[in-house]
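First the proteins, then the strands, lettered A, B, ... as listed; each starts at 1.
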Protein chains: 2
Amino acid sequence: MNPISKAEENHLKAIFNLCEEFGKPASTNAIAKIMKTKAASVTAMIKRLSEKNPALVNHQKHKGASLTEPGKKIATNLIRKHRLWETFLVEKLNFSWDEVHEIAEELEHIKAEKLIDRLDDFLGRPKFDPHGDPIPDADGNFTFRKQILLTELAEHKTAVVVGVLDDSPSFLQYLDKLHLVLGAKVKVLERIEYDGSNRILLNDTHEQILTNKVCQNLYVKTL
Amino acid sequence: MNPISKAEENHLKAIFNLCEEFGKPASTNAIAKIMKTKAASVTAMIKRLSEKNPALVNHQKHKGASLTEPGKKIATNLIRKHRLWETFLVEKLNFSWDEVHEIAEELEHIKAEKLIDRLDDFLGRPKFDPHGDPIPDADGNFTFRKQILLTELAEHKTAVVVGVLDDSPSFLQYLDKLHLVLGAKVKVLERIEYDGSNRILLNDTHEQILTNKVCQNLYVKTL
DNA sequence: TACCGTTTTTAGATTAATCTAAAAAACATT
DNA sequence: AATGTTTTTTAGATTAATCTAAAAACGGTA
Ligand SMILES: [Mn+2]
Ligand SMILES: [Mn+2]
Ligand SMILES: [Mn+2]
Ligand SMILES: [Mn+2]
């Protein structure tokens, strides 16, 4: 019964992410939305995953799904693989940060522990991926980093861009246009009350306006 | 009807290789053997592939299968991907030549033209893979190289190892043990009539005996 | 607490990819 | 040409992964 299929892996990852985000079991509907399938299909999948040996998800009817320890192990390993491949694509193959997610979505399902460990070495055991998301180590431990949204940075304070909340291609491309790449230095010169937009100083040199929406999706770390 | 599945791709590759090797349509049984399935399953798959739009295989009942031009395009592109990934694994991730086939068997199915072209660039557009097999370019053209089996090299002649016919891990590992890697220089000192074994001089320094079976699976190129 | 809208599950169907067993066709050998 | 063996195809079944439609359960509000 063992080898885990791509569909099963993607469900596990969806459940993991939803549980992390909301701190409670993932609903059938929410999972279906991520998987681009229907709630009925998710119910069937959850049933199969919870009957695996060992069980990969916990599930009581109408109460949502969460992962067991073996399930979490698989999910974090998928995230590890996804983020390492994204890093490879950006660092070694010169892809831009908005192009790599889709491809990594496929590469993450390649099953060869040795491959991913060698890739990790080749990349110099990076701790964060091109979007600033932490890459779990082989044991599933994430590196925690104190970060806040740019909307939470006090006026007149300076910080460095370290990640994004929204990682959609359109947002990432827009950030490129604004020169807001990882590592960029931003100082909040003025927060405009009227519409929540922010006048910022970029890399000590350029002044520009960032909408509230942009600032709500940018993670920064104070110096 | 379009996106081609992994199972379909593997069948196309099997048909391509069989047609190349024997110069005639591939039999259901031969394909089944490569795919590790049954003849009945292959018949079903061939039917589906020949009813695709465009058709990928030519097939008349009881007469074997061969590829159409669109089918050949897909097959050579798979071979290109397989061999580029093998090269990546050996050159960049320090895998040995006997470990890479299985992993490449999975990686070859990742669908992203840009990925494979970038990988090709990253590797320096190699013409041959770690087993000495030619890597087709993006248009499907293979680099031809004049090569013979070591059994065909005349006594007292010198040549360089450029490839293997058998690429099974056990043979490759045995070659490593014999220091018969790609690029090694071999001179046939004596061909022993009794059992077809060969006394050779390796890299101008070491003398050793190679069985007929080994020599029948080693490609060399005269200087 | 009874009702109503929403969410989840069940029931039943479909498609791809495989299997086994049986029938049909092709091939080979007297 | 007749017969027997091998190969290929057909028929029918199975499993994973999905769907739609209907039934059941849940949760909030009157
Ligand atoms: Mn995925
Ligand atoms: Mn990422
Ligand atoms: Mn393959
Ligand atoms: Mn190879």
Mark yes or no for whether [X], through its side chain, and [Y], through its backbone, hold a donor-acceptor pair below 3.5 Å.
X      : Y      : answer
A:N17  : A:I15  : no
B:N198 : B:G196 : yes
A:T68  : A:L56  : yes
A:R83  : A:P136 : no
B:K81  : B:I110 : yes

Between the two end axes of the helix from C:dT1-D:dA30 to C:dT30-D:dA1, each built from 5 base pairs, what angle do you get to the nearest 10°?
->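 For the helix from C:dT1-D:dA30 to C:dT30-D:dA1, the axes at opposite ends meet at about 10°.
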Atom pairs under 3.5 Å: protein N/O with N/O of nucleotides 1-4 of chain C:
none

Could I get the full list of side chain to side chain donor-acceptor pair (under 3.5 Å) partners for [X], not counting sequence neighbours?
X      : result
B:N141 : none
A:S96  : A:D98, A:E99
A:K111 : A:E9

Rounded distance in Å - [atom1] ([X]) to [atom2] ([N]):
X     : N      : atom1 : atom2 : answer
B:I46 : D:dT7  : CD1   : C1'   : 12 Å
A:K47 : D:dT18 : NZ    : C1'   : 16 Å
A:L49 : D:dT18 : CG    : P     : 11 Å
B:K63 : C:dA25 : NZ    : C1'   : 11 Å

A:I46 side chain near A:L49 side chain, heavy-atom distance below 4.5 Å =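 No, every pair of side-chain atoms sits at 4.5 Å or beyond.
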Nucleotide N/O to protein N/O under 3.5 Å, stretch nucleotides 19-22 of chain C:
| residue | atom | partner | partner atom | Å |
| --- | --- | --- | --- | --- |
| C:dC19 | OP2 | B:K38 | N | 3.0 |
| C:dC19 | OP2 | B:S41 | OG | 2.5 |
| C:dT20 | OP2 | B:K38 | NZ | 3.2 |

Provide the full list of salt bridge (charged side-chain N to carboxylate O under 4.0 Å, His left out) pairs with a residue in residues 140-152 of chain A, sequence neighbours left out, each pair given once.
->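 Residue pairs with at least one partner in residues 140-152 of chain A: there are none.
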Proximal nucleotide (of D:dT10, C:dT18, C:dT10) relative to the A:T43 side chain =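 Closest nucleotide among those given: C:dT10.
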Is the charged tip of B:K92 near the ring of B:F122: under 6.0 Å from the six-membered ring centre and within 45° of its axis?
->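 Yes, a cation-pi geometry.
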Only pairs under 3.5 Å count here: list side-chain donor-acceptor contacts from residues 26-40 of chain A, not counting sequence neighbours, and write none if there are none.
| residue | atom | partner | partner atom | Å |
| --- | --- | --- | --- | --- |
| A:S27 | OG | A:A30 | N | 3.1 |

Quick one, which residues of residues 23-34 of chain A touch DNA chain C with a heavy atom under 4.0 Å?
->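 Result for residues 23-34 of chain A: A:S27, A:T28, A:N29, sorted by number.
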For A:L182, side-chain contact (heavy atoms from CB on, under 4.5 Å) partners two or more places apart |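 In terms of side-chain contact (heavy atoms from CB on, under 4.5 Å), with neighbours along the sequence ignored, A:L182 is linked to A:W97, A:V161.
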Should A:H62 be listed as having a side-chain N or O under 4.0 Å from OP1 or OP2 of D:dG27?
->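 Answer no for this pair, as no side-chain N or O of A:H62 is under 4.0 Å from OP1 or OP2.
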Atom pairs under 3.5 Å: protein N/O with N/O of nucleotides 12-17 of chain C:
| residue | atom | partner | partner atom | Å |
| --- | --- | --- | --- | --- |
| C:dA17 | OP1 | B:S5 | OG | 2.5 |
| C:dA17 | OP2 | B:R48 | NH1 | 2.2 |
| C:dA17 | OP2 | B:R48 | NH2 | 2.8 |

Identify whether the distance between the nearest side-chain nitrogen and carboxylate oxygen of A:K72 and A:E69 falls below 4.0 Å.
->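 Looking at A:K72 and A:E69, the cut-off is met.
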Can you sort out the partners of A:R191 under salt bridge (charged side-chain N to carboxylate O under 4.0 Å, His left out), two or more places apart, ordered by chain and number?
->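 Once residues adjacent in sequence are excluded, A:R191 has no partner under the salt bridge (charged side-chain N to carboxylate O under 4.0 Å, His left out) criterion.
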Among side-chain atoms of A:H109 and A:N10, is any donor-acceptor pair under 3.5 angstrom?
->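 Indeed, the side chains of A:H109 and A:N10 share at least one donor-acceptor pair under 3.5 Å.
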